[in-house]
Colleague: 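Handing you a structure now.
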Amino acid sequence: MWNKDIEAIDRKDLEALQLKRLKRALELASGTSFYGKVFRDNKVDVSKITTLEHLKDLPFTVKNDLRLSYPDGMMAVPKSEVVRMHASSGTTGKSTVIFYSQKDISEWADLVARSMVATGTSKNDIFQNMMGYGLFTGGLGLHYGAERLGCMVIPSSTGNTLRQIQLMEDFFTTVIHITPSYALHLAEEIHKQGIDPRDLPVKKAYLGAEPYSEATRDKIEEQWGIDAYNSYGMSEMNGPGVAFECTEKAGMHLWEDFYIIEVINPETQEVLPDGEAGELVLTHINREAMPIFRYRTRDLTRIIPEPCACGRIHKRIERIKGRTDDMFIIGGVNVFPSQIESVLMKVPEVGNNYQIVLDREENLDKIIIKVELYSKMFQGDLKELEKLRKKIVEELRALIVVNPRIELHEPGSLPASLGKAVRVIDNRKL
Ligand code: DLL
């Protein structure tokens, strides 16, 4: 372990640490224009928060609150103490901005180093970071953590596929950090160069920043001949390093010395007992420049109540099942894109890219699923293709009830993804 005292800490001691940090975070936040007002409006007396149970007395924070407090309504230290900001890529309206002090950056790096060690990575590894550098947290977040651990970092960022391949080959990259959709795309590009990704020195991948299924993980592991670890985070909670799988690969440890976890029923907002599925709500208790309380992540998951075989006591969360807001309703049925993906990725002929288009014709919901196949599928008989199309329709119909229209495409014909894939296109104007 990177820090056994914290990772295998007694739960009682962990809770004492959480309470101490929560109180400090509340003090800091009281001085911000945003939380100062929230506490006044909701008659929250922070000096009365004396147990972790009292967390429930605080109102939730939502993404829109961060937009409303733009640019610095949540900054809790003097500006001269802030050393970095990140921002999430908002397509609509103002983006949400996050601030970090020197201490925050350093402790975040530590958290990431801890996460990487949990997957067996060491200072002997060569780490190629194929996540975007810049306002997005994925690049710099892992970069600092990998350096803290002592890896040699290749900050290759996204895109430029040929250079990525060359770097992997020439510098013997052992660990990559990449979105699952880009991992699939890159594997294909590598094949096009006449190289089998399995022959590269890469042994491990950290996959995150977008939802994906267990079947996609299996596929990436198979294509690359590697171990792929799930990594979860969001800019509001620093970025990556919030929750990470250990070598058990059985759910992600959410680092509770930094974050207090709650899972709520997204409709009633009631806090659910461990084990029940709902929306993840996180409180950041260890970022002095910008504490956030009871942040509604919109991500759906479950706490795995059983202890992990690795000996770390920090609770694990399950793979994110979807977001309360990416779920779509088609013909009255709630569908998560991840469910469709797991059906598609189990079909061996299906390639690496797909797109879900929702449409409405004569007041009826239509779902068109565009699927890329491997090129060898287009060399054979048309009848074979038709058979395959029917097979996919049947498997999906069992899941989403509504008759999906399946379009089969040649590899490379759907827009390729370099960062986060846009999988669902909703043309329905609901
Ligand atoms: O995506 C931070 C990150 C970077 C995480 C690199 C992991 C690796 P945001 O851009 O703020 O931050 O997006 C956060 O992405 O609320 C989830 O909905 C989704 N997400 C992130 N990781 C996973 C994952 C970064 N492993 C939002 N599985 C989150 C499913 C994920 N969804």
Side-chain angles (χ1 to χ4, degrees), residues 61-63 66-67 85-91 95-98 100 108 111-112 115-116 119 127-146 155 157-158 175-183 204-217 220 228-245 249 251-255 259 261 263 266 277 279-282 284 290 292 295-302 316-327 336-339 341-342 417-424:
T61 305
V62 295
K63 202 169 188 88
L66 277 91
R67 294 206 180 99
M85 65 168 265
H86 280 287
S88 80
S89 51
T91 42
S95 55
T96 55
V97 179
I98 312 298
Y100 311 76
W108 180 22
L111 199 62
V112 171
S115 305
M116 293 177 75
T119 66
F127 176 68
Q128 192 163 329
N129 195 4
M130 303 188 206
M131 287 269 182
Y133 279 67
L135 287 173
F136 177 57
T137 54
L140 285 168
L142 264 273
H143 182 106
Y144 274 56
S157 198
T158 51
V175 183
I176 59 175
H177 182 214
I178 187 165
T179 58
S181 53
Y182 189 43
K204 201 182 293 172
Y206 299 141
L207 303 177
E210 64 184 8
Y212 64 111
S213 60
E214 200 60 43
T216 296
R217 185 226 297 257
I220 292 169
Y229 291 92
N230 198 3
S231 147
Y232 170 76
M234 80 211 65
S235 24
E236 293 81 354
M237 294 293 133
N238 279 6
V242 174
F244 229 90
E245 278 183 333
K249 282 196 203 163
M252 298 175 281
H253 290 281
L254 203 149
W255 302 118
Y259 310 101
I261 320 174
V263 174
E279 180 182 334
L280 183 67
V281 171
L282 293 175
H284 200 323
M290 191 170 162
I292 295 189
Y295 183 68
R296 292 194 57 174
T297 66
R298 305 286 168 190
D299 291 321
L300 295 172
T301 184
R302 184 179 87 87
R316 287 168 299 158
I317 56 165
E318 254 178 16
R319 176 177 294 283
I320 305 298
K321 188 158 164 265
R323 285 177 62 84
T324 53
D325 49 8
D326 86 350
M327 181 187 80
F336 289 104
S338 56
Q339 294 177 304
E341 189 191 297
S342 50
S417 141
L418 297 182
K420 293 190 188 226
V422 179
R423 299 294 198 192
V424 183

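Remember, it's 1-based here, ligands and their atoms both numbered in the order they're listed.
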Colleague: Is it the case that atom NZ in K249 sees more than 12 heavy atoms from other parts of the structure closer than 6.0 Å?
Modeller: yes
Colleague: Heavy-atom distance under 4.5 Å between the side chains of P211 and I320, does that happen here?
Modeller: no
Colleague: Should N230 be counted as touching ligand 1, given the test is an N or O pair under 3.5 Å?
Modeller: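 Yes, at least one N or O pair falls under 3.5 Å.
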Colleague: Which ligand 1 atoms, with their elements, are less than 4.0 angstrom from a heavy-atom of R323?
Modeller: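 Numbered from 1, ligand 1 contributes 16 (O), 18 (O).
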Colleague: Say whether Y212, considering both its backbone and side-chain N or O atoms, lies within less than 3.5 Å of an N or O atom on ligand 1.
Modeller: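 In fact, backbone or side chain, Y212 has no N or O that close.
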Colleague: Is the closest heavy atom of F136 to ligand 1 under 4.0 Å?
Modeller: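 Yes, F136 has a heavy atom closer than 4.0 Å to ligand 1.
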Colleague: Would you confirm whether the ring centroid of H86 sits within less than 6.0 angstrom of the ring centroid of F136?
Modeller: no
Colleague: May I ask you to check whether over 12 heavy atoms, not counting those of Y144, lie within 6.0 Å of atom OH?
Modeller: no
Colleague: Within the structure provided, determine whether Y259 and L111 are in side-chain contact (heavy-atom separation under 4.5 Å).
Modeller: yes
Colleague: Of A243, A87, G233, which has the heavy atom at the shortest distance from atom 25 (C) of ligand 1?
Modeller: G233
Colleague: Just which atoms of ligand 1 are under 4.0 Å from any heavy atom in P211?
Modeller: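 Going through ligand 1 atom by atom, the ones under 4.0 Å from P211 are 30 (C), 32 (N).
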Colleague: Is it the case that the side chains of N230 and Y212 hold a donor-acceptor pair, with the cut-off being a distance below 3.5 Å and no angle test?
Modeller: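 Yes, N230 and Y212 have a side-chain donor paired with an acceptor closer than 3.5 Å.
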Colleague: Evaluate A209 for polar contact with ligand 1, using N/O atom pairs at a separation under 3.5 Å.
Modeller: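 Between A209 and ligand 1, an N or O pair is found under 3.5 Å apart.
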Colleague: Taking only residues two or more places apart in sequence, or in another chain, which ones meet S157 in a side chain to side chain contact (heavy atoms under 4.5 Å, CB included)?
Modeller: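 Scan of S157 (side chain to side chain contact (heavy atoms under 4.5 Å, CB included), adjacent residues dropped) gives Y133.
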Colleague: Under 4.0 Å from any heavy atom of S235, which atoms of ligand 1 are there?
Modeller: 9 (P), 11 (O), 12 (O)
Colleague: Report, in ascending order of atom number, the atoms of ligand 1 lying under 4.0 Å from any heavy atom of H177.
Modeller: 6 (C), 8 (C)
Colleague: Going by the atom numbers of ligand 1, which of them fall below 4.0 Å from some non-hydrogen atom of T137?
Modeller: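 Counting from 1, the qualifying ligand atoms are 2 (C).
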Colleague: Using a 4.0 Å cutoff against the non-hydrogen atoms of G138, which atoms of ligand 1 qualify?
Modeller: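 Once the distances to G138 are compared, the set is 4 (C), 6 (C).
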Colleague: In chain order, what residues pass the side chain to side chain contact (heavy atoms under 4.5 Å, CB included) check against V175, with sequence neighbours excluded?
Modeller: T121, D125, F127, K204, Y206
